Amino acid sequence: MKNASFSIKIFLCFCVVISFSVFAPCLYFLHSMEQESVDMTRREAFREVAFLQACLMEAATDGGSPHQAPFPAWLKDFYASGTHRVTLIGADGAVLYDSAADIAALENHRYHEEVALAFSQGESTSIRYSASLGASFVYVARHVAIPRSPVSIIRVAAPLERVERHAADRSRALLAGAAAALAAAVCFAAFMSMRFRRSLRSMIASVEHLASQGPRSGRMSRHALPGDEFTPLAEAVNSMARRMDAQLSHILAQKAQLDAVLDSIAEGVLVVDRAGCIRSVNATLIRLFPQAAHAVGRQPVEVVPCAALQKGMEALRNGTPERPAPFSMDTPSGRKLQVLICPIAEESNLLMAVAVFHDITELSALMDMRRDFVANVSHELRTPLTAIMGYAESLRRYVAEPRGLHFLDVIDRNSQYMATMVRDLLQLSSIENGAAPMTVAPIPASMIVRGGMDLCRTSAEERRLEFSEELAGGEVSVRGNAEYLTRVMRNLLENACRYAPEGSRIAVSVTPDAAAGMAVFRVADSGPGIPPELRQRVFERFFRVEKHRGGQISTGLGLAICKHIVERHGGAIAIEDGPGCAVRFTVPLA
């Protein structure tokens, strides 16, 4: 019953209701009819008692002696062959006459139910089985007082055989009619149930058609509904179908536009669902990886053999990061790609992820050419610069005129500036190319801070600047290269000494961040600061903001060198918001 269909459940409910509606009135009617027949028999028996009482009174008033028979002879003959049993009982309960049995064989009836009640209440009745006659009777008894007669109780027993036979005949006829009515009602219920089932199937087919591909031409017809109550449902389903058609057309148009856009862009695009399977790719990705032509439903690593890509996808499934991390990879054909994975999430649930493959082969080649060119030019410039600086210094011994000395100062100052720029360019090139050795080992953070301050002490004293050192939580140990990290600290302190107001304080602090596994270095001064719109560009090579910070001259390479050194250590560097200028960089904790 639990897993039965809805139409079968309705049919069974109909059967139960019809059965109860048919048989309950039948049973009640049979019971009422049987009770009415018994009452009718009881009334007839009381009329018999009244008749007998009248006959006995008439016989007593006709002058009969007290010793004559308690029952007239003509009544004996009348009841000898009758269906009713007549019993006359004396005051002591002894049977004086019985029309159906020998009184000698009968026991005292004083304590029979109807007799005892008749003595106490005047008359009584009962229905019980007679052991002497072997049948059920309706007994009625009345206490009488007849002059010159020993009769105290007149009892008449009417047999129930005729009542039972009549009730049985009626019951058979009534039950036959009830069975016929039940059969007709069950057939009608089955017909209605099947019709309702067909209507439900039509409704289900109409709803299922909404989910099928292609135009949803099918609508739920009112003629197929089981009743008017389902009309609002049909109208709602038909309205939903129309809206779905419009929405599907809109979605298909948007999908066509999106596919056209994706196929027209130069970057390869790979879309992955929350289960980690590929949903779609564009034409550019297929050109980069021909095996991606049949990639839908497969894992990314099956199409793009890159462990970093699969690792990034798994990281998204385990927990969506706030910022996707780009990485580089090489294709089997020798192309160099930069990959950016972007999550598409709804609240805290990851819906999809998009991996964008940007071909940076030409750009990487140009960057290599640029680095090589800068390194070569810088190296070639060192020789003539050294000669210029040497000859300028030598000329000072032969020039005594103030105007000539001024020209030599200009030559010396600019040659020193160019020498510094060449040195920084060579240093930056070696760091970018990875040519500079960078051995990483645990070192105290205080060594980096104090090493940088010692190198900048002279510059600070010239402008009466004071260094303040703060190591939060005591000594902190980091993993890095002492020489390069000290160079980062020196460059930051040199910038602070160059732009901080005279007589001010430069604060240097180190704070461990156990949650991120990093040590945070911070150098802050109270100088003019850097405008917010320029804080990302100051780490570009040759970018200078002297016009915003007091006109000091620099090569524009110091912060670029700092950025590359920090990133090679696995950290990050940035300009903080707030008054003055505060630069922070991170290094992994040891």
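Predicted model, so just to flag it, every value in this text is computed and none were measured.
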Report yes if the side chains of E267 and D359 come closer than 4.5 Å at any heavy-atom pair, otherwise no. no
Heavy-atom count around E502 CD within 6.0 Å, excluding the residue itself: above 12? yes
Sorted by chain and residue number, the side chain to side chain contact (heavy atoms under 4.5 Å, CB included) partners of A507 (sequence neighbours excluded) come out as S468
With side chain to side chain contact (heavy atoms under 4.5 Å, CB included) as the test, would you mind laying out the steps for I506 and V523 before giving the verdict?
CA-CA 7 Å; I506 299 174; V523 178; 4.1 Å; yes
One should read off an interatomic distance between I575 CD1 and L534 CG, to the nearest 0.5 angstrom, of 10.5 Å
Using a strict threshold of under 4.0 Å (side-chain N to carboxylate O), is an ion pair present between E576 and R522?
yes
Those residues at least two apart in sequence (or on a different chain) that pass salt bridge (charged side-chain N to carboxylate O under 4.0 Å, His left out) with D513 are none
Test ring pair (Phe, Tyr, Trp, His ring centres under 6.0 Å), reference F585, set Y484, F521, F539, output is F521
Closest non-hydrogen atoms of M313 and A353, given as atom of the first, atom of the second and distance, are SD-CB, 4.1 Å
For H406, the side-chain hydrogen bond (donor to acceptor under 3.5 Å, both in side chains) test, sequence neighbours excluded, returns none
Taking S504 for the side chain and P501 for the main chain, is one N or O donor matched with an acceptor at less than 3.5 Å? yes
Residues A519 and V476: closest non-hydrogen pair is CB-CG1, 4.1 Å
Quick note, ring-ring contact (aromatic ring centres under 6.0 Å, His included) partners involving residues 249-285, not counting sequence neighbours, are none
Got a salt bridge between R535 and D577, using NZ or NE/NH1/NH2 to carboxylate O under 4.0 Å? yes
Across all chains, not counting sequence neighbours, the side chain to side chain contact (heavy atoms under 4.5 Å, CB included) partners of Q310 are Q299, P300, V301, E314
Tightest non-hydrogen contact, residues G268 and T284, listed as N-CG2, 3.6 Å
To the nearest 0.5 Å, atom CG of N481 lies from atom CZ of R487 at 9.0 Å
Rounded to the nearest 0.5 Å, the OG1 atom of T361 sits from the CG atom of L337 at a distance of 6.0 Å
Inset, instruction - Using only heavy-atom distances, determine whether the side chains of H358 and Q338 contain a donor-acceptor pair under 3.5 Å. - result: no
Go through the steps to decide whether V271 and N282 satisfy the test side chain to side chain contact (heavy atoms under 4.5 Å, CB included), and finish with yes or no.
CA-CA 9 Å; V271 182; N282 70 339; over 6 Å; no
By side chain to side chain contact (heavy atoms under 4.5 Å, CB included), A308 pairs with (sequence neighbours left out) C306, F327
Side chain N491, main chain A560, donor-acceptor under 3.5 Å:
no
Does a side-chain heavy-atom distance below 4.5 Å link I388 with I411? yes
Residues passing the side-chain hydrogen bond (donor to acceptor under 3.5 Å, both in side chains) test with Q257, sequence neighbours excluded, are none
Query - side chain to side chain contact (heavy atoms under 4.5 Å, CB included) between V272 and V354, intermediate numbers included - result: CA-CA 6 Å; V272 180; V354 178; over 6 Å; no
SG (C277) and CD (E302) are apart, to the nearest 0.5 Å, by 8.5 Å
*Donor-acceptor pair, T586 side chain versus A572 backbone, under 3.5 Å?*
yes
Applying side chain to side chain contact (heavy atoms under 4.5 Å, CB included) to I286 and not counting sequence neighbours gives V281, A292, A293
Sorted by chain and number, sequence neighbours left out, side-chain hydrogen bond (donor to acceptor under 3.5 Å, both in side chains) with D330 holds for none
In short, G571 meets M518 closest at the heavy-atom pair CA-CE, 4.5 Å
CG (L309) and CD1 (I341) are apart, to the nearest 0.5 Å, by 5.0 Å
Q) Do K336 and T331 have side chains that get closer than 4.5 Å, going by heavy atoms? A) no
Show your working on side chain to side chain contact (heavy atoms under 4.5 Å, CB included) between F289 and S333 and close with a plain yes or no.
CA-CA 9 Å; F289 301 95; S333 60; over 6 Å; no
The salt bridge (charged side-chain N to carboxylate O under 4.0 Å, His left out) partners of E494 (sequence neighbours excluded) come to R490
Check the surroundings of atom CD in Q254: do more than 12 heavy atoms from other residues, nucleotides or ligands lie under 6.0 Å from it?
-> yes
Listed pairs under 3.5 Å, donor-acceptor, residues 443-453 side chains, sequence neighbours left out:
from	atom 1	to	atom 2	distance (Å)
S446	OG	E475	OE1	2.7
S446	OG	E475	OE2	3.4
R450	NE	E469	OE1	3.3
R450	NE	E469	OE2	3.1
R450	NH2	E469	OE2	3.2

Between the CD atom in E567 and the NZ atom in K563, the distance rounded to the nearest 0.5 Å is 3.5 Å
Looking only at heavy atoms, the pair that brings L493 and C456 closest together is CB-SG, 3.7 Å
Practice prompt. For R463 and C497, indicate whether the former's side chain and the latter's backbone hold a donor-acceptor pair under 3.5 Å.
Written response: yes
Close side-chain approach of L405 to E401, heavy-atom, < 4.5 Å
no
Residues G527 and D525: closest non-hydrogen pair is N-OD1, 2.7 Å
Next item on the list: Please indicate whether R505 has more than 12 foreign heavy atoms, meaning atoms of other residues, nucleotides or ligands, lying under 6.0 Å from its CZ.
Entry: no
Applying side-chain hydrogen bond (donor to acceptor under 3.5 Å, both in side chains) to S394 and not counting sequence neighbours gives none
